[in-house]
Colleague: 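Quick one: the structure is below, and I'll ask about it shortly.
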Amino acid sequence: MKKNLSNADRLIRVMIAIAFAVLYFTNVVTGTLGIILLVAGGVLFATTLVGFCPLYALFGISTCPVKRTA
């Protein structure tokens, strides 16, 4: 797997995942929607750790900076 997430993209994903977890564990969002947000936050966090997003690969998107060799 080639990395396709930039550091800025990874930081944003971590912040969103933390926000989802805080909303769930403080009981601001409960029930089915809370579980969905918690799972989505887990997926965002997992893709951050790996540095690869399958949806980005599917659509040919990459926010990772290109290393030039000249």
Side-chain angles (χ1 to χ4, degrees):
M1 288 184 295
K2 281 176 80 172
K3 293 190 178 209
N4 60 4
L5 295 176
S6 68
N7 289 337
D9 197 0
R10 293 170 84 174
L11 179 66
I12 292 168
R13 286 170 181 259
V14 166
M15 291 182 352
I16 293 171
I18 290 171
F20 286 172
V22 167
L23 287 173
Y24 179 76
F25 289 116
T26 58
N27 291 325
V28 173
V29 179
T30 58
T32 305
L33 180 59
I35 293 171
I36 291 171
L37 284 180
L38 195 61
V39 169
V43 169
L44 288 173
F45 190 73
T47 58
T48 297
L49 291 178
V50 177
F52 176 77
C53 178
L55 284 176
Y56 278 14
L58 182 67
F59 292 113
I61 300 169
S62 178
T63 60
C64 195
V66 177
K67 295 179 183 177
R68 293 187 176 222
T69 56

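Note: hydrogens, waters and symmetry copies are ignored here, and every other heavy atom, side chains too, is used.
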Colleague: Taking L55 as the starting point, is it possible to reach L44 by hopping between hydrophobic residues whose side chains are less than 4.5 Å apart?
Modeller: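 No, L44 does not connect to L55 through the hydrophobic network.
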
Colleague: Work out which heavy atom in A17 is nearest to a heavy atom in G41; give both atom names and the distance.
Modeller: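 Shortest heavy-atom separation between A17 and G41 comes out as CB-O, 3.3 Å.
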
Colleague: Among all residues two or more places apart in sequence or in another chain, which pass the side chain to side chain contact (heavy atoms under 4.5 Å, CB included) test with T32?
Modeller: I36

Colleague: Once rounded to the nearest 0.5 Å, what's the spacing between atom OG1 of T47 and atom CZ of R10?
Modeller: 9.0 Å

Colleague: Would you call R13 and C53 a side-chain contact if the rule is heavy atoms closer than 4.5 Å?
Modeller: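 R13 reaches C53 side chain to side chain.
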
Colleague: Would F45 and F25 show up in the same hydrophobic cluster when neighbours are defined by side-chain heavy atoms closer than 4.5 Å?
Modeller: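 No: no chain of side-chain contacts under 4.5 Å links F45 to F25.
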
Colleague: Using the side-chain hydrogen bond (donor to acceptor under 3.5 Å, both in side chains) rule, collect all pairs that involve residues 48-62, keeping only residues at least two apart or in two chains.
Modeller: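 side-chain hydrogen bond (donor to acceptor under 3.5 Å, both in side chains) check on residues 48-62 returns D9-Y56.
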
Colleague: Once side chain to side chain contact (heavy atoms under 4.5 Å, CB included) is applied, do any residues pair with L11, and if so which ones, sequence neighbours excluded?
Modeller: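 Expected list: M15.
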
Colleague: Can you tell me how far the CG atom of L5 sits from the CD1 atom of I12, to the nearest 0.5 Å?
Modeller: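 Those atoms lie 10.5 Å apart.
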
Colleague: Assigning hydrophobic clusters by single linkage (Ile, Leu, Val, Met, Phe, Trp, Tyr; side-chain heavy-atom cutoff under 4.5 Å), is V14 placed with V22?
Modeller: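 Yes, same cluster.
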
Colleague: Check this for me: F52, atom CZ, are more than 12 non-hydrogen atoms of other residues, nucleotides or ligands nearer than 6.0 Å?
Modeller: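 More than 12 heavy atoms, drawn from other residues, nucleotides or ligands, come within 6.0 Å of this atom.
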
Colleague: Check F20 against A40 and note the closest heavy-atom contact, atom names and distance.
Modeller: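 Shortest heavy-atom contact: CE1-CB, 4.2 Å.
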
Colleague: Rounded to the nearest 0.5 Å, what separates atom CG in L37 from atom CD1 in I16?
Modeller: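 Nearest 0.5 Å value for the CG-CD1 distance: 11.0 Å.
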
